[in-house]
Structure formats: C-alpha cells, structure tokens
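Okay, structure first, notes after.
Per chain, numbering begins at 1; letters A, B, ... match sequence-line order.
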Protein chains: 2
Amino acid sequence: MLSQSIEDYLKIIYKLQHGSDAPTQVTTSLLAERMGVTAASATNMIKKLAEMNLLEYAPYKGVALREAGEKIALETIRHHRLIELYLSEALGYSWDAVDAEAERLEHAISEEFEERIDKMLGYPTIGAHGEPIPNKNGQIEEQTYARLSDIERGQRAVVKRVSDRDAAMLRYMNDMGLRLGTVVKVCEKAPFKGPLTLLIEEDQPRTLGLEVAHHIFVDPIR
Amino acid sequence: MLSQSIEDYLKIIYKLQHGSDAPTQVTTSLLAERMGVTAASATNMIKKLAEMNLLEYAPYKGVALREAGEKIALETIRHHRLIELYLSEALGYSWDAVDAEAERLEHAISEEFEERIDKMLGYPTIGAHGEPIPNKNGQIEEQTYARLSDIERGQRAVVKRVSDRDAAMLRYMNDMGLRLGTVVKVCEKAPFKGPLTLLIEEDQPRTLGLEVAHHIFVDPIR
DNA sequence: ACTTTATTTTAGTCAAGACTAAATTTACCT
DNA sequence: AGGTAAATTTAGTCTTGACTAAAATAAAGT
C-alpha cells in the first residue's frame, strides 16, 4: 500500500503538470508550497519517488511523472472527484465544503466503495466543480475552457467549471448565484483590470472582480 | 488532532472492558493481540496514553480508561457504527464487508459527515450487527442478551445482535438466513458440546456449530 | 519457600516524513 | 565574465509508532 503522503505528492504533481495556469516545469518549491511543506522535505520525497520509478527527476530542474506515477495520481484524483460529487449529490454538501472532506476520504476508501458510489452516481464523467473524472483505466478527457475574465463585453457564456483552490471564493461564487450550467452575460468591463459587470441568468446585474472571474471557466454561446 | 493509532487503542480498550466475554482486567498482551502489535509496542502506547491522562495504568496489572479516554473511545465507536450502518443501508454493503471499510473511514470523517449520515439514517440507536450506537454525548445503552448457544431446546428466540469479529463467520451466518430480527427455534441440542439444530423462520431445520451459536445474541420469546 | 514459566517492561533500532541550518547550484545583472 | 540573489540540495534532528532482545516482575507448582 502507498502512503497518503505519496498519493498526495503524485496528485499535486499531476495537477501542476496539467493545470491551466503554469504548465511549464514542476519545481521543488512549487510542489513544496502546494503540499504545505518546506522545500527540503519536498526534495526528500522527490528522491524517494524517483527511486520508486514513479517520476523523472532532474536535480535543480524539476520533476515529471512517469507512467506508473501518473496512474496512481489519476486513481487518487478519481477517488477525490467521485467522493466530492457523492458528498454533494447524496449528502447535500455545499460547493465549498466537499474538497476538504474528500481530501481525507480519498485515501481511506476501498475499490468496492469507489465502485458503489460510481454506480450510484450513474458513472459520472464530470465532477462537482466541473472537473473531468478519470475513468477506471486512468483515462481522462482534459478540457480547455475560456476564463470568464477573458470574455468580451456583450458576450454570453455558460459556466462550465470553477477552480476549487479557495473555499472562500467558492462560497462567494455560490452566493452570487453561479452554478455549473449558469448562463452569464458580460455587460461591462471596467478598464485597467477593473471588475466586470455580469447579468446572471437574466437577473439583475452583479459586479465581479477580475480575480474571481479568472477562476471561472466558461463556454461562450454562439 | 488524535492519531488513528490512539483512537484505535482507546476503542479496543473500551470494547475489552465492556465486552460480553472477559470483563475482568485489560492486560497488555490482550490489547497487543487485538491491535495486532507486540506487547512491547502496546506498553509504549499505554505509557503514552497514561501520560495524556486518557487511562489509568497499573504496571504489570492492566489498564482502565479514564473519562477523557472513554469519551474518545465512544466517539470513535459512534463513527464506526454509524458508518457501518450507512454502508449497509445506503450503499448496499453486505454484513461481512462493512467492518473493514468502516475501520478506515472512521478516522477520516468530519463532524459534518457524521451529522449528515446520522440524520439520513434517522438518528439510529442500533448498528448493522445489532450493537448500540453511542449518542453525540457519548452515552450508550449497554445491552445484555443471551447467547444462542445457551438457549434451551424447544425455546424460540429473536436474533438481536451478532459478533462482528470474524467476517467469514458473518458471511456464514448470512448464508444460513440469519438476520437481525430473525426468529429461530432450537429443535435439538447434541450432547458433549455438539451442534444445535435450528428452525429458522419456520423453514427447514439447519445445523449450527456451538462456536457460531456462541456469537449470536438473542432475546428468548415468552 | 524456591524454582520455573509466562507476562510485562526496558533498552535500543528502524522507517516515514517532517523540520532547520548550511552548502551548493543556477540564474540573472551589469 | 564575475558577483549576488534565489532556488535547491545536503546534513543532521525530531516525532510517531512499530520492532527485537534482554531484563524484570508476577504467578504457579512442588
């Protein structure tokens, strides 16, 4: 059995490699920051994972997952996203609470548990925040959506995915009435990285900071 | 936060103190055996728990939980039994599979998770194998049932609780058609600790070894 | 009461995975 | 190209919770 720690490291490396923000090189310090440990600790673990042939390690340069490592990362991510969706659908958890709970549960569930909730949810392919859920074979359909912050004025778009990095931000989005599938229209964009004004589902206009809009992924209409 | 290990030790000590088999004195070796560790390891942990004022430790004699330790034990047991029932009721787990899964999950769930499944289950007081579920305040209603092995010939009784120590035995009981609430009648008891013959729910007679009957707790009728 | 045996405790190791402080490497700037 | 700052790695420590082997204690038999 693999330790929780190892699963977490691999999961985060995968996310960094395939994330929408910085798909350059996964450095020790970036990994350390995401794991909430010091760089020295990250180096130790990296050496161990390289030893186990789970990743490619170029000292002072960075890491890249090998096939075996990616497989474990995707299994862990699958667990996480299935659990998040289950908590949300079956237990009524809110958008911002699922991540923390899933973070601990993902390491504790068996294959049987995974299969049962997968079935119960109807073999879903999209998670609670719009993320793709890897299938049992570790295949995943990476998506590419536009950021709401990049949408032109006047354009309408459907909310497809939100970043789950910040629970407070998720709660805020939720309070604004944003959900997966919500249709928004950009009415106004203030200059100099100013906020944008949105029409959410034909309701009254709302103003949203760019920072938040940057973490909302949409599909423009027409 | 308390470690999984600590929670497990306290839980097992509680069960040994209140178990139906040997409520004498909880010894180091008994605890070690149930935890699957060596006696030396158990001694170490006992000293640590005594240091934390979670239990009373008389070297060479044994241990007894103090109030704080019992509270933690009961919380852990509550988690375990709620999860078992949830797995059984909501996810269709079989009698013999719930324990192993709950064993890992009990340390991973939050208070919110506990509350949500508690509510979903209708605030149950009896677990999947008939055990009492401690309430949120750590109160528990200890039961005293007769063992099926002690029931007189001709007597009828209702199955109230089964031991969950051995998954294979649980599977066997299940295959025999035994469930909580099942009515059985003892038709025959072979001498010299021989097997007993049962009538299960007015079906055809079945023969059951004493060992198994010893782990089935019943409430005699009339 | 003394000896043998079983149980328990002590002493010393080990592995995981974190940390700090120091040394090293890379990168950047003029 | 040389010098400095930032990033990374190395070296050494710590904690948790296991282990083995040896010592100490308790229990039991004659």
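With respect to A/Glu103 and A/Lys11, a salt bridge is recorded, a charged nitrogen being found less than 4.0 Å from a carboxylate O.
The environment of CZ in A/Arg179 is crowded: more than 12 heavy-atom neighbours from other residues, nucleotides or ligands sit within 6.0 Å. Open room surrounds CD on A/Glu141; 12 or fewer heavy atoms of other groups in view lie less than 6.0 Å from it.
Rounded to a whole Å, the CD atom of A/Gln25 is 14 Å from the P atom of C/dT26. Taking atom CD on A/Glu7 and atom P on C/dA16, their separation rounds to 16 Å, with Å as the unit. In this entry the distance linking CD1 of A/Ile46 with C1' of C/dA16 reads 16 Å, nearest Å. We find that CG of A/Leu49 is positioned 12 Å from P of C/dA16, with the value rounded to whole Å. Going from atom CD of A/Glu33 over to atom P of D/dA7 covers 12 Å, rounded to whole Å. The interatomic distance linking B/Leu30 (CG) with C/dA6 (P) rounds to 18 Å, in whole Å.
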Side-chain donor/acceptor pairs under 3.5 Å, residues 35-48 of chain A, sequence neighbours excluded:
{"from": "A/Thr38", "atom 1": "OG1", "to": "A/Ser41", "atom 2": "N", "distance (Å)": "3.3"}
{"from": "A/Thr38", "atom 1": "OG1", "to": "A/Ser41", "atom 2": "OG", "distance (Å)": "3.0"}
{"from": "A/Thr43", "atom 1": "OG1", "to": "A/Ala39", "atom 2": "O", "distance (Å)": "3.1"}

Going by atom type alone, with no hydrogens or angles, which donor-acceptor pairs under 3.5 Å involve a side-chain atom of residues 71-89 of chain B and a protein atom two or more places apart or on another chain?
{"from": "B/Thr76", "atom 1": "OG1", "to": "B/Ile72", "atom 2": "O", "distance (Å)": "2.8"}
{"from": "B/Arg78", "atom 1": "NE", "to": "B/Glu114", "atom 2": "OE2", "distance (Å)": "2.8"}
{"from": "B/Arg78", "atom 1": "NH1", "to": "B/Pro134", "atom 2": "O", "distance (Å)": "3.0"}
{"from": "B/Arg78", "atom 1": "NH2", "to": "B/Glu114", "atom 2": "OE2", "distance (Å)": "3.1"}
{"from": "B/Arg78", "atom 1": "NH2", "to": "B/Asp118", "atom 2": "OD2", "distance (Å)": "3.0"}
{"from": "B/His79", "atom 1": "ND1", "to": "B/Glu106", "atom 2": "O", "distance (Å)": "3.2"}
{"from": "B/His79", "atom 1": "NE2", "to": "B/Glu114", "atom 2": "OE1", "distance (Å)": "2.8"}
{"from": "B/His80", "atom 1": "ND1", "to": "B/Glu106", "atom 2": "OE1", "distance (Å)": "2.6"}
{"from": "B/His80", "atom 1": "NE2", "to": "B/Glu84", "atom 2": "OE2", "distance (Å)": "2.9"}
{"from": "B/His80", "atom 1": "NE2", "to": "B/Asp99", "atom 2": "OD1", "distance (Å)": "2.9"}
{"from": "B/Arg81", "atom 1": "NH1", "to": "B/Pro132", "atom 2": "O", "distance (Å)": "2.7"}
{"from": "B/Glu84", "atom 1": "OE1", "to": "B/His129", "atom 2": "ND1", "distance (Å)": "3.4"}
{"from": "B/Tyr86", "atom 1": "OH", "to": "A/Tyr86", "atom 2": "OH", "distance (Å)": "2.6"}

Q.
Each nucleotide in nucleotides 12-24 of chain D should get exactly one letter: B, S or -. Can you fill that in based on protein heavy atoms under 4.0 Å?
A. ----SSSBB----

Q. Given the rule in the salt bridge (charged side-chain N to carboxylate O under 4.0 Å, His left out) test, do A/Lys136 and A/Glu111 qualify, once you have shown the distances and angles that lead to the verdict?
A. CA-CA 10 Å; A/Lys136 258 193 267 286; A/Glu111 286 303 300; over 6 Å; no

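Partners of B/Asn135 according to the side-chain hydrogen bond (donor to acceptor under 3.5 Å, both in side chains) rule, which considers only residues two or more places apart in sequence or in another chain, are B/Gln139.
Counting heavy atoms from C-beta outward, B/His215 and B/Arg165 have side chains that stay 4.5 Å or more apart. Looking at B/Ile216 and B/Leu208, their side chains come closer than 4.5 Å, going by heavy atoms from C-beta outward.
Proximity of A/Thr43 to the phosphate of D/dT10: no side-chain N or O atom is located under 4.0 Å from OP1 or OP2. An OP1 or OP2 oxygen of D/dA7 is reached within less than 4.0 angstrom by no side-chain nitrogen or oxygen of A/Lys61. Under 4.0 angstrom from either OP1 or OP2 of D/dT9 there lies at least one side-chain N or O belonging to A/Tyr57.
Within the 3.5 Å criterion, the main-chain N or O of B/Gly130 finds a donor-acceptor partner in the side chain of B/Gln143.
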Polar atom pairs between nucleotides 1-5 of chain C and protein, under 3.5 Å, N or O only, would you list them?
none

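For the 3.5 Å distance criterion, the side chains of B/Glu7 and B/His107 qualify, holding a donor opposite an acceptor.
Within the helix from C/dA1-D/dT30 to C/dT30-D/dA1, the inter-axis angle between the opening and closing five-pair segments is 10°, rounded to 10°.
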